[in-house]
Amino acid sequence: MKRLCVGVLLMIGLFLAACGNNSQQTTPVTVDARPAENFVDFVVDYAFIAGLIPMAACEDYLWAAEFRTGNLINSNNHGEDWQSVYAFAMPIQAVHVDDARNIFVSVAEDRWAEIGTNQLFRSEDGGESWEKVLNVQSGAVIWWNIASQNGTMFVSEYGYKGYGDNARRIYHSTDFGKNWEVVFDPGRQIDHHNHKLIIAPDGVVYQAIGDGQNARIIRSQDLGDSWKTVIYGFLPTSAIAFESHILWGLDGGPWMGIAHHNRQTGEFNVSLNIEPKFYGPAYDMIYAHGVVYAIFLSYQGYYRPASIFYSTNQGDSWQLLGYIDKLPQYGVGMYQIIHDGRYAYIDFGAPLYRNGYGELFRGTLRFELLIP
């Protein structure tokens with residue numbers, strides 16, 4: 001039954017995609033499609049698994065955390081069965097697997113804390129044993145604050161956005177996450193808030209920063225020794241880096257959608273300018289089998305639905321995979337998305353109803369990847 005209903009979700013997405021029009025470079029996407037009206041019912045009756053939040057994927061394992069706990073679990077069969085790995089003392093905020101298959105787990109009592117309780121743990125043996133390698137000084141490290149490549153690794157502080165010792169630092173490791181140093185610290189600034197951190201294929205590091213007057217993207221071409229602001233006025237929360245350009249998923253700025261950042265010229269143009277009906281932050285993106293997927297959440301207080309868009313040409317044009325309509329008093333969260341080469345897994349939250357009784361679902365939603 002699970003497999004059948006995953007197929008139903010995919011068919012909904014394919015139907016919606018067939019009805020949509022490709023976006024132009026500088027115009028909003030216009031779609032002639034119905035919402036995925038049975039999407040919520042799909043989650044109620046056939047949720048991939050409730051209470052488990054997808055965190056990371058490698059060749060043969062999915063890594064997830066129990067919602068708001070320190071319990072780390074994994075699966076080696078696309079989530080059909082799960083095994084307990086380790087119980088941390090604080091809730092898990094992020095899981096990261098580097099290219100040497102070291103596993104990193106970030107834990108914290110509160111990701112928004114002014115004085116951080118965040119700790120970063122490292123395992124070399126698949127999660128059997130763990131070593132604490134970093135105490136983050138404020139806020140927490142979440143999924144969009146970790147990046148690694150060929151033994152070098154960066155993490156940044158998310159968390160607190162008000163006065164005081166707010167999230168601002170970037171940390172660097174050159175030995176697969178064993179030892180760390182602070183490489184960026186601008187001092188105390190109101191609402192300074194680290195968003196997406198990425199390492200491009202050539203090793204250049206980018207950090208998006210919010211909010212308000214702090215909105216910008218900074219870049220380091222020397223592994224964190226120096227930093228330069230390359231974009232002002234935008235505060236992306238997701239990104240996919242290619243050799244020639246970066247696709248940034250926006251959380252605010254002159255338009256909402258996806259930006260195309262030319263890495264050679266520095267030009268920052270529209271890739272996907274969503275029409276107002278679909279406005280929302282692009283909290284995460286993945287790239288799988290030549291397809292980029294961008295997920296847009298919808299906050300409480302807005303009429304707009306949550307949606308999934310995809311591109312088969314690295315952001316030159318986009319199509320609508322599906323969207324989830326809602327009433328303005330509810331929010332629909334699509335936060336982190338990961339993939340294992342066969343399926344995509346979304347950290348998903350939505351108000352659901354059974355026999356007229358409402359409750360909040362939080363867990364994993366799975367759909368099959370497109371193969372162009």
For this session: Might you work through the side chain to side chain contact (heavy atoms under 4.5 Å, CB included) test for Asp347 and Arg362, ending with a clear yes or no?
Result: CA-CA 8 Å; Asp347 173 4; Arg362 187 66 186 274; 2.9 Å; yes
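- Side-chain contact between Tyr61 and Val97: absent, with no pair of heavy atoms (C-beta onward) separated by less than 4.5 Å.
- Classification of the Tyr287-Phe242 ring pair by plane angle, with boundaries at 30° and 60°, yields perpendicular.
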Problem set entry | Test side chain to side chain contact (heavy atoms under 4.5 Å, CB included) applied to Tyr335 and Ile142, step by step | CA-CA 11 Å; Tyr335 306 101; Ile142 67 169; over 6 Å; no
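- There is a side-chain donor-acceptor pair under 3.5 Å between Ser106 and Asn118.
- Under the 4.5 Å side-chain heavy-atom criterion for ILVMFWY residues, a single connected hydrophobic cluster contains both Trp82 and Tyr345.
- Residues Val230 and Val205 fall into different hydrophobic clusters, defined by Ile, Leu, Val, Met, Phe, Trp and Tyr side chains chained together at heavy-atom separations under 4.5 Å.
- Taking both residues in full, the closest heavy atoms of Pro254 and Gly233 are given as CD-O, 4.0 Å, listed atom of the first, atom of the second, then distance.
- Thr364 places a side-chain N or O within donor-acceptor distance of the main-chain N or O of Leu52, the cut-off being under 3.5 Å.
- Checking side-chain atoms of Ser298 against main-chain N and O of Val332 turns up no donor-acceptor pair under 3.5 Å.
- Distance check, rounded to the nearest 0.5 Å: CD of Glu157 to CG of Asn145 gives 9.0 Å.
- In terms of modelled atom types and a separation under 3.5 Å, the side chain of His195 and the main chain of Leu235 share a donor-acceptor contact.
- With ring centers used as reference points, Tyr86 lies 6.0 Å or more from Phe121.
- One finds the OG1 atom of Thr69 at 11.0 Å from the CZ atom of Phe88 (value rounded to the nearest 0.5 Å).
- Ring-centre distance between Tyr158 and His193: below the 6.0 Å cut-off.
- Between Phe184 and Trp227, the ring centre distance stays below 6.0 Å.
- The side-chain heavy atoms of Val155 and Trp180, taken from C-beta on, include a pair separated by under 4.5 Å.
- The CD1 atom of Ile209 sits 15.0 Å away from atom NZ of Lys196, with the distance rounded to the nearest 0.5 Å.
- Between the side chain of Glu181 and the main chain of His172, no donor-acceptor pair closer than 3.5 Å is present.
- Using the six-membered ring where Trp is involved, His78 and Tyr343 have ring planes that are perpendicular, over 60° apart on the 30 and 60° scheme.
- Heavy atoms only, all atoms of each residue included: Gly79 and Leu62 are closest at N-CD1, 3.8 Å.
- No donor-acceptor distance shorter than 3.5 angstrom exists from the side chain of Ser148 to the backbone of Asp98, with no hydrogens or angles considered.
- In this structure, the separation between CD1 on Ile346 and CZ on Phe348 is 7.5 Å, given to the nearest 0.5 Å.
- Between Asn194 and Arg169 the shortest heavy-atom distance is ND2-O, 3.4 Å.
- Side-chain contact check for Asn150 and Thr152: no donor-acceptor pair (N or O, by modelled atom type) lies under 3.5 Å.
- Taken from CH2 in Trp63 to CG in Leu72, the straight-line distance is 6.0 Å, to the nearest 0.5 Å.
- Both Phe67 and Met90 belong to a common hydrophobic cluster when Ile, Leu, Val, Met, Phe, Trp and Tyr are linked at side-chain heavy-atom distances under 4.5 angstrom.
- Arg342 contributes no side-chain N or O that, together with a main-chain N or O of Asp340, makes up a donor-acceptor pair within less than 3.5 Å.
- Annotation for Ala288 and Leu369: closest pair CB-CD1, 3.9 Å, computed over non-hydrogen atoms.
- Considering only residues two or more places apart in sequence or on other chains, Asp81 meets the side chain to side chain donor-acceptor pair (under 3.5 Å) condition with Asn77.
- Judged by distance alone, the side chain of Tyr293 and the main-chain N or O of Leu370 form a donor-acceptor pair under 3.5 Å.
- Interatomic distance, Ile371 CD1 to Thr312 OG1, rounded to the nearest 0.5 Å: 12.5 Å.
- Contact between Ser173 and Lys178 at its shortest, heavy atoms only, is OG-N, 3.7 Å.
- Of all non-hydrogen atoms in Gly280 and Phe296, the two that sit nearest each other are O-CD2, 3.2 Å.
- Hydrophobic cluster membership is shared by Ile240 and Trp318, with clusters built from Ile, Leu, Val, Met, Phe, Trp and Tyr side chains linked at under 4.5 angstrom.
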For this session: Using the side chain to side chain contact (heavy atoms under 4.5 Å, CB included) rule, take Glu124 and Phe176 through it: C-alpha gap first, then chi angles, then the decisive distance, then the call.
Result: CA-CA 10 Å; Glu124 296 181 346; Phe176 292 92; over 6 Å; no
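- Here Arg101 pairs with Asp60 in a salt bridge; the nearest charged N to carboxylate O distance falls below 4.0 Å.
- In terms of modelled atom types and a separation under 3.5 Å, the side chain of Glu66 and the main chain of Asn71 share no donor-acceptor contact.
- Considering Asn273, Leu272, Ile274 in turn, Asn273 is the only one that fulfils the side chain to side chain contact (heavy atoms under 4.5 Å, CB included) rule with Trp255.
- Atom OH of Tyr299 is surrounded by more than 12 heavy atoms from other residues, nucleotides or ligands within 6.0 Å.
- A distance-only check finds no donor-acceptor pair linking the side chain of His96 to the backbone of Ala147 [under 3.5 Å].
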Exercise. Leu134 and Val136: side chain to side chain contact (heavy atoms under 4.5 Å, CB included), yes or no, with the steps?
Worked result: CA-CA 6 Å; Leu134 180 64; Val136 173; 4.1 Å; yes
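- Residues Leu250 and Ile218 fall into different hydrophobic clusters, defined by Ile, Leu, Val, Met, Phe, Trp and Tyr side chains chained together at heavy-atom separations under 4.5 Å.
- A donor atom on one side chain and an acceptor atom on the other are not found under 3.5 Å apart for Asp284 and Ser238.
- In this structure the side chain of Ile53 reaches within 4.5 angstrom of the side chain of Met55, judged on heavy atoms.
- In this structure, Arg263 contributes its side chain and Ala241 its backbone to no donor-acceptor pair below 3.5 Å.
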